[in-house]
There are 2 protein chains.
Amino acid sequence: MNLWLSQLKDPVPDGLKTPAELARFELSHALPDPAVTLAEDASLGDGYRIEALDDGSFHIAGGSTGLLYGAYRLILDRLCGETISDSVESAPKYALRMIDCWDNPDGTIERGYAGRSLFFADGKLSWDPERIRELGRLLASAGLNVLCINNVNVHFPAQLLLEDDLPSLALLAEAFRPFGIRLMLSIDFSQPMRSGIPTADPLDPVVREWWKKTASQVWAAIPDLAGFLVKADSEGRPGPFTYGRNHADGANMLAEAVRPYGGVIVWRCFVYNCRQDWRDTATDRPKAAWEHYAFLDGQFADNVILQVKHGPFDFQVREPLSPLLLGMKRTNLAMELQLTQEYTGHQIDLYTMIPMWKELYEELPADNIMSLAAVSNLGNDANYTGHPLAAVNLYTFGLLAWNPETDAETAVARWCRLTYGFSPAEEKKLTDLLLSSRGIYEKYTAPLGIGWMVNPHDHYGPNPSGYEYDLWGTYHKADRNAVGIDRTAGGTGYLSQYPETIRKKYEKPETCPDLYLLFYHRLPYTFRMKDGRTLVQRIYDDHFEGLEETRVLAEKLLSLPFPEPDAGVIRERMEKQLYNAREWCDIINTFFHRLSGVPDERGRKIYD
Amino acid sequence: MNLWLSQLKDPVPDGLKTPAELARFELSHALPDPAVTLAEDASLGDGYRIEALDDGSFHIAGGSTGLLYGAYRLILDRLCGETISDSVESAPKYALRMIDCWDNPDGTIERGYAGRSLFFADGKLSWDPERIRELGRLLASAGLNVLCINNVNVHFPAQLLLEDDLPSLALLAEAFRPFGIRLMLSIDFSQPMRSGIPTADPLDPVVREWWKKTASQVWAAIPDLAGFLVKADSEGRPGPFTYGRNHADGANMLAEAVRPYGGVIVWRCFVYNCRQDWRDTATDRPKAAWEHYAFLDGQFADNVILQVKHGPFDFQVREPLSPLLLGMKRTNLAMELQLTQEYTGHQIDLYTMIPMWKELYEELPADNIMSLAAVSNLGNDANYTGHPLAAVNLYTFGLLAWNPETDAETAVARWCRLTYGFSPAEEKKLTDLLLSSRGIYEKYTAPLGIGWMVNPHDHYGPNPSGYEYDLWGTYHKADRNAVGIDRTAGGTGYLSQYPETIRKKYEKPETCPDLYLLFYHRLPYTFRMKDGRTLVQRIYDDHFEGLEETRVLAEKLLSLPFPEPDAGVIRERMEKQLYNAREWCDIINTFFHRLSGVPDERGRKIYD
């Protein structure tokens, strides 16, 4: 299979200790000529400065990791046929560029579509050193530097990572160290109770002492551990609420324990009522994160980072930017993206994410957050991401986490060139197809920001009412006249959580951007869109177009000269995507046709 | 927990060999006085004749099993406070009174709600001899005589029952022998291929020889094995279709193999397209059984029994009688009922079945079939059936299989008296509650014969569109105007599979019995029912009434003096049923309200 570093033929050897050592190895093998000199300057950290010298050689200055990133910059530029003519300086926008794996000790991966865990098997840590080195190289070359290896839903025996399995964990941390990658761990907030303490109350002195002692043991074993990731009071996980404490109490208690070692607490803001009664219209799930966290702004310790999903729901194809990311100015924030295609096609359907991420930054000032995290799409499939083309999401996430101003087309084209080395015309074609894939997927799935019309549990394939009477707070309430939830001030009030400029952008259905229309508004099927079409006609049109565009996408994609085995995998998944797109198109259209009774203006077939 | 034989305090000892021996044991312990004499008369078989002699003693004549059934008759009558004053003769209507267990070798039970398997654990046969004797006694006292112990979906390693596990199976057969219970086995039609034969073609001489040899080995080990049960070409199971043969070819081949030993082949008629495209309106699943089997009438060997589910779908709360049961006059037929509450409440919701079975017999001449079978509701829960009151279905099924003219109220009252020994008023109350339970469940679940509005996969709880776009052929196609499938001659033509009297009964919506209305007809919500209500108002009314009746049922039921632990289990399940009934009521009403826009005439709350 092809990876973006497949052209590096010499595997990273065992035994390297530091990123600087790895930088030297990589340069000597991948770029033996011209000469490159390295000068370590710890003050530069992850940053680097590359100078093209008059004799044709290069000089890189940087911290140990900076040297490595500089080396990859030179090597990848060279592989792309680019060169640095004068000098270039670069440093990452965000110090923590994180991948969150949802791997379980039994080797399964929650919402994973690329095989089994690379880190766990049979209840224990277990890895193939060669694959870890290959993975480390991939991640480092994309500029990523933190890897949380275990699921935020900490199922037993994942707790043992802080206990009996600590020596093994230290070995894994060591394996990643030359790549500049620091491990992070998802922890169980109630873990003190495993030691016989009758409570996990964050204000209880015994609990606080337990975490301090545990942190001292963990950091003694892994001095560069990045920190702990915590999902608390969410979807059944334990948390401070059990003890009548708030989330600042919980996070700050942990922050105090890890502070002596430079550790951070990454605290996920994914708290909502997952046992909502569908009859309850007073509760609107998108409001939950703000309600739980906004009032705590300024109360978190400086080594706490709140990790906020990019949207107020849960990684749907189209969600507005989470209001928390705009509203908590006195709090360290990380934005959480999702590489694994939970709701976006399971690495079967093509779905390139960077256009979506770029849209988020249209409303998010890059300085509002201090870190970027993404849920992993990795697994032990030979190509790591299941679908060979899903690797573009991993790579471009890295570029974006280094520099949010990264241009989407440039980033995708660079991945294409590194991975397949196509002709310029082919490369352009593949780049365009990848960039178009999200829009196509969006067209044939749930319409206009409504989300959630997927099969419950597995989240692949259409089920227009699959969540309609369920406990998850994700309702569209489509009836014979109208569809959607009014989230304006006159409705649930969700929109009021935003600054005024954003409120104004979305508050009127007449001016609300189309693709967010049914996220914010409840509208009759006869509502006139800006272009004069009715809402229901727009839904029909989008779905017929989405299906047709998938057919064209398939034809174009399969005409490209992918090598085997990639070609076979791409073909097989594309066939499944075509089936899926047809199901989505017909089912969504039938669903709205049955409800509205409105025929398609253009007389296309809608099934009874 | 209380069972209908709990009053028999002395457990059946190990070591009894024949039903006649067991009869003597039971009488000597349960009925030491008056004296009972037994005279074995093999010509009477399962039948018995009891004479009350002048000296107050009784005399029973019967075959070995007949003596046992006669003994239980006397004992249970006595426990009920009844007596035989003169003489009574009884013989079963059906020679095979079968329980089909869907137990898997790993100990799970497909669609089981009463714990794990009584017969399997860890991939092998495994049982507790004392529980087998208690179970044998229960089944024999209800007149049941054939027990198929393994799932019709024969998942590996269930095939080993015909191979390595045969000696163990012989021991289980021996354990059931004193109870007059013969084992039956579900087999894998493709099993010859496990022996290296490249085909399972029923007309292939090598295959035929393999089955003959296998049958000779099996019956050598278990001379009284009742036969084989086969699910072929159904939901992914192998069958004759793979080889271009029909089901008579398949069944007759097996019948020839088991004939020398008096074995029968019970061949399930459950063939349909389980990969149907929801867009395909030409296919109507209820038609499938007739289309696959009716033309084969007269072609099956005389030791083949076609086992036909009572309705044309799959054990829904309300289905018409399967047309196959009326149309195959020259074929041995068994009607298959389902004790396990797959679609009828999971042994959480109260659902007493005999009223439904009696309704089936209103259209089914008892002589049309020669056997009655029921899918087991048994498991290793202490009370065998999960819900203590679900045992009434097992017991009354036995009575009905012995005598289809058994009166529902008498049968249920007898079970109540034996199980709880309540006062006459309490017994009447419990009997009435049980007899009403099916009607209540029907009212709050899918309306008027429409079926299938359950959660996919687990089949508990409401999901009005759960199967609407799926592959199972079970659609209602509700839209803003109408609901249901027209199955008359003008529609899918399903109704044409029936004799004229039945066709006439159902063909016009104006005269079709209400409870079958949406099984046979597609009707607008404004359709006027016979009582003048609109269809949608009837749906609302039924659901509000069903919920209210559940509340009353709960109140009355929980006022009865059940002993512990039954009382606790009944209370806990009743609470779950109340929750379930409310979900059903509100979700179904909301679903139809959203579609129709018609308000409730009586202004009750229907959620948006």
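Interface remark: A:D277 contributes side-chain atoms only to the contact with chain B (heavy atom separation under 4.5 Å). For B:F591, the parts sitting under 4.5 Å from any heavy atom of chain A are the backbone and the side chain alike. Heavy-atom distances place the side chain of B:P464, and not its backbone, under 4.5 Å from chain A. Neither the backbone nor the side chain of A:A482 comes within contact range of chain B; no heavy atom of the residue lies under 4.5 Å from a heavy atom of that chain. Using a 4.5 Å cut-off between heavy atoms, B:D470 does not touch chain A at all.
No more than 12 heavy-atom neighbours from other residues, nucleotides or ligands sit within 6.0 angstrom of CD on B:E601. For A:E235, the CD atom sits in a packed shell: over 12 heavy atoms of surrounding residues, nucleotides or ligands are nearer than 6.0 Å.
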Between A:D479 and B:L595, does a side-chain contact (heavy atoms from CB on, under 4.5 Å) hold up when you go through it step by step?
CA-CA 6 Å; A:D479 67 19; B:L595 281 166; over 6 Å; no
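Atoms NZ and OH, from A:K477 and B:Y607 in turn, are 11.0 Å apart once rounded to the nearest 0.5 Å. A distance of 6.5 Å separates CZ of A:R279 from CD1 of B:I587, quoted to the nearest 0.5 Å. Atoms OH and CD1, on B:Y469 and A:I588 in that order, are 8.0 Å from each other to the nearest 0.5 Å.
Panel note: side chain B:R480, backbone A:S596; a donor-acceptor pair is recorded below 3.5 Å.
Nearest heavy atoms, B:W278 versus A:D608: CZ3-O, 4.5 Å.
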